[in-house]
A.B. asks: 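Structure in C-alpha coordinates, see below.
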Amino acid sequence: MTPDFQLDHAAQTIAAHLVKRGVGFRAAANGRLHVPLPNNFGTLEIGATGDGTDDLICGLVDHPWHTHGNQFEVTGINEQCAALAAFVFAIFDGKYLLIDEVWPDRSQHKRIEDDLARYLKYLPEGTTYRIVNR
(Lines give C-alpha, C1' and ligand atoms only; values in the text may rest on other atoms or scores of the structure.)
Protein backbone atom coordinates (compact mmCIF):
# COMPACT_ATOMS: atom_id res chain seq x y z
CA MET A 1 0.00 0.00 0.00
CA THR A 2 1.19 3.46 -0.83
CA PRO A 3 -0.88 5.82 1.29
CA ASP A 4 -2.01 9.12 -0.17
CA PHE A 5 -2.35 10.39 3.40
CA GLN A 6 -0.27 10.05 6.57
CA LEU A 7 -1.69 7.41 8.92
CA ASP A 8 -1.82 8.11 12.64
CA HIS A 9 0.47 5.95 14.78
CA ALA A 10 -2.28 3.52 15.78
CA ALA A 11 -3.45 3.13 12.18
CA GLN A 12 0.16 2.43 11.11
CA THR A 13 0.43 -0.27 13.79
CA ILE A 14 -2.87 -1.88 12.79
CA ALA A 15 -1.91 -1.64 9.11
CA ALA A 16 1.20 -3.72 9.82
CA HIS A 17 -1.02 -6.46 11.29
CA LEU A 18 -3.37 -6.31 8.29
CA VAL A 19 -0.51 -6.53 5.78
CA LYS A 20 0.77 -9.72 7.46
CA ARG A 21 -2.68 -11.29 7.06
CA GLY A 22 -3.30 -9.94 3.55
CA VAL A 23 -6.33 -7.82 4.49
CA GLY A 24 -6.72 -4.86 2.14
CA PHE A 25 -7.05 -1.28 3.34
CA ARG A 26 -6.39 2.29 2.32
CA ALA A 27 -5.41 5.44 4.15
CA ALA A 28 -8.12 8.02 4.81
CA ALA A 29 -7.61 11.78 4.82
CA ASN A 30 -8.14 11.88 8.60
CA GLY A 31 -5.15 9.58 9.24
CA ARG A 32 -7.25 6.49 9.90
CA LEU A 33 -7.50 3.21 8.00
CA HIS A 34 -10.40 2.28 5.74
CA VAL A 35 -10.96 -1.48 5.50
CA PRO A 36 -13.52 -2.67 2.92
CA LEU A 37 -15.63 -5.48 4.41
CA PRO A 38 -16.77 -8.73 2.77
CA ASN A 39 -19.92 -8.88 0.61
CA ASN A 40 -19.76 -5.12 -0.06
CA PHE A 41 -21.14 -4.62 3.44
CA GLY A 42 -19.35 -1.33 3.92
CA THR A 43 -16.08 0.05 5.17
CA LEU A 44 -14.55 0.07 8.63
CA GLU A 45 -12.70 3.19 9.71
CA ILE A 46 -10.05 2.50 12.35
CA GLY A 47 -7.72 4.87 14.13
CA ALA A 48 -6.97 7.01 17.13
CA THR A 49 -9.50 9.14 18.95
CA GLY A 50 -8.47 12.61 20.02
CA ASP A 51 -4.75 12.70 20.58
CA GLY A 52 -4.50 8.89 20.27
CA THR A 53 -2.98 8.31 23.67
CA ASP A 54 -5.69 6.26 25.35
CA ASP A 55 -8.33 4.93 22.97
CA LEU A 56 -8.95 3.78 19.43
CA ILE A 57 -12.18 3.70 17.48
CA CYS A 58 -13.45 1.29 14.86
CA GLY A 59 -16.69 2.20 13.11
CA LEU A 60 -18.70 1.69 9.97
CA VAL A 61 -18.34 4.62 7.60
CA ASP A 62 -21.69 6.42 7.17
CA HIS A 63 -23.36 4.37 9.93
CA PRO A 64 -23.47 4.96 13.70
CA TRP A 65 -22.24 1.47 14.66
CA HIS A 66 -18.80 1.56 16.28
CA THR A 67 -16.63 0.04 18.98
CA HIS A 68 -13.54 1.18 20.86
CA GLY A 69 -10.21 -0.50 21.39
CA ASN A 70 -10.57 -0.31 25.15
CA GLN A 71 -13.75 -2.46 24.99
CA PHE A 72 -11.58 -5.50 24.24
CA GLU A 73 -10.38 -5.59 27.85
CA VAL A 74 -6.83 -4.61 27.00
CA THR A 75 -4.73 -1.69 28.16
CA GLY A 76 -2.43 0.51 26.19
CA ILE A 77 -2.54 1.54 22.57
CA ASN A 78 -0.38 -1.34 21.27
CA GLU A 79 -2.67 -3.92 22.89
CA GLN A 80 -5.73 -2.11 21.50
CA CYS A 81 -4.15 -2.16 18.03
CA ALA A 82 -3.62 -5.92 18.24
CA ALA A 83 -7.16 -6.43 19.56
CA LEU A 84 -8.72 -4.36 16.78
CA ALA A 85 -6.66 -6.19 14.16
CA ALA A 86 -7.87 -9.50 15.63
CA PHE A 87 -11.44 -8.14 15.50
CA VAL A 88 -11.04 -7.37 11.78
CA PHE A 89 -9.64 -10.86 11.18
CA ALA A 90 -12.60 -12.38 13.04
CA ILE A 91 -15.00 -10.44 10.79
CA PHE A 92 -13.26 -11.81 7.70
CA ASP A 93 -13.28 -15.30 9.23
CA GLY A 94 -17.09 -15.10 9.66
CA LYS A 95 -17.07 -15.00 13.47
CA TYR A 96 -19.15 -11.81 13.47
CA LEU A 97 -22.48 -11.24 11.77
CA LEU A 98 -22.76 -8.41 9.26
CA ILE A 99 -26.36 -7.24 9.59
CA ASP A 100 -28.43 -4.87 7.45
CA GLU A 101 -31.42 -3.44 9.31
CA VAL A 102 -34.48 -1.54 8.12
CA TRP A 103 -36.23 0.32 10.93
CA PRO A 104 -39.97 1.02 11.00
CA ASP A 105 -39.29 4.58 9.73
CA ARG A 106 -37.58 2.92 6.68
CA SER A 107 -34.12 4.16 7.66
CA GLN A 108 -31.34 1.68 6.98
CA HIS A 109 -28.64 0.78 9.47
CA LYS A 110 -25.72 -1.64 9.56
CA ARG A 111 -24.41 -3.51 12.58
CA ILE A 112 -21.66 -5.97 13.39
CA GLU A 113 -22.69 -8.49 16.05
CA ASP A 114 -21.23 -11.65 17.57
CA ASP A 115 -24.37 -13.09 19.18
CA LEU A 116 -27.58 -13.42 17.14
CA ALA A 117 -29.77 -14.31 20.13
CA ARG A 118 -28.62 -11.26 22.09
CA TYR A 119 -29.02 -9.06 19.01
CA LEU A 120 -32.59 -10.29 18.45
CA LYS A 121 -33.46 -9.73 22.11
CA TYR A 122 -32.85 -5.99 21.71
CA LEU A 123 -34.08 -5.56 18.11
CA PRO A 124 -36.69 -2.78 18.09
CA GLU A 125 -40.21 -3.93 17.24
CA GLY A 126 -40.97 -3.62 13.54
CA THR A 127 -37.32 -3.68 12.50
CA THR A 128 -36.37 -6.18 9.82
CA TYR A 129 -32.87 -7.50 9.36
CA ARG A 130 -30.76 -9.50 6.94
CA ILE A 131 -27.45 -11.21 7.71
CA VAL A 132 -25.25 -10.62 4.68
CA ASN A 133 -22.41 -13.01 5.45
CA ARG A 134 -24.33 -16.26 6.06
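Remember, predicted model here, so these are calculated numbers, not experimental data. Values below: every heavy atom of this structure, side chains too, minus hydrogens, waters and symmetry copies.
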A.B. asks: Looking at every heavy atom in both L56 and A48, which two are closest together, and how far apart are they?
C.D. replies: CD2-CA, 3.7 Å
A.B. asks: Measuring from L98:CG to K110:NZ, what's the distance to the nearest 0.5 Å?
C.D. replies: 8.5 Å
A.B. asks: Does a side-chain heavy-atom distance below 4.5 Å link I99 with I112?
C.D. replies: no
A.B. asks: Answer yes or no: is there a side-chain heavy-atom contact under 4.5 Å between N133 and P38?
C.D. replies: no
A.B. asks: State yes or no: do W65 and I131 share one hydrophobic cluster built from I, L, V, M, F, W and Y residues joined by side-chain heavy-atom distances below 4.5 Å, directly or via other members?
C.D. replies: no
A.B. asks: What heavy-atom pair brings H109 and H63 nearest, and what distance separates the two atoms?
C.D. replies: CA-ND1, 3.9 Å
A.B. asks: Same cluster for F72 and L60 if Ile/Leu/Val/Met/Phe/Trp/Tyr side chains link at under 4.5 Å?
C.D. replies: yes
A.B. asks: Can you name the residues that form a ring-ring contact (aromatic ring centres under 6.0 Å, His included) with Y119, not counting sequence neighbours?
C.D. replies: Y129
A.B. asks: Kindly work out whether a path of hydrophobic side-chain contacts (I/L/V/M/F/W/Y, heavy atoms less than 4.5 Å apart) joins L18 to F87.
C.D. replies: yes
A.B. asks: Partners of N40 by side chain to side chain donor-acceptor pair (under 3.5 Å), sequence neighbours excluded?
C.D. replies: none
A.B. asks: With heavy-atom distances below 4.5 Å as the criterion, would you say the side chains of H17 and L84 are in contact?
C.D. replies: no
A.B. asks: If you define the side chain from C-beta out and look only at heavy atoms, does anything of I57 sit under 4.5 Å from R32?
C.D. replies: yes
A.B. asks: What's the shortest heavy-atom distance between V132 and N39, and which atoms?
C.D. replies: O-ND2, 3.0 Å
A.B. asks: Looking at D115 and K121, does any basic side-chain N land under 4.0 Å from a carboxylate oxygen?
C.D. replies: no
A.B. asks: With hydrophobic residues grouped by side-chain heavy-atom distances under 4.5 Å, do F41 and V102 end up in a single group?
C.D. replies: no
A.B. asks: Can you find a heavy atom in the side chain of D114 that is under 4.5 Å from one in the side chain of K95?
C.D. replies: no
A.B. asks: Give a yes or no answer on whether the side chain of T49 reaches the backbone of D55 with a donor-acceptor pair at less than 3.5 Å.
C.D. replies: yes
A.B. asks: According to a hydrophobic-cluster definition based on side-chain heavy atoms being under 4.5 Å apart (Ile, Leu, Val, Met, Phe, Trp, Tyr only), do F92 and F25 belong together?
C.D. replies: yes
A.B. asks: Taking all heavy atoms of V61 and all of L44, pick out the closest pair and write down the distance.
C.D. replies: CG2-C, 4.5 Å
A.B. asks: Taking the side chain as C-beta and beyond, is there a heavy-atom pair between P104 and E125 under 4.5 Å?
C.D. replies: no
A.B. asks: Enter the distance from R118:CZ to L123:CG here, rounded to the nearest 0.5 Å.
C.D. replies: 13.5 Å
A.B. asks: Looking only at heavy atoms, which two atoms of A10 and I77 are closest? And how far apart?
C.D. replies: CB-CG2, 4.3 Å
A.B. asks: Can you see which heavy atom on L33 is nearest to which on A11, and at what distance?
C.D. replies: CD1-O, 3.5 Å
A.B. asks: Are the side chains of D100 and Q108 in touch, meaning some heavy atoms are under 4.5 Å apart?
C.D. replies: no
A.B. asks: In Å and rounded to the nearest 0.5 Å, what is the SG to CD distance from C58 to Q71?
C.D. replies: 10.5 Å
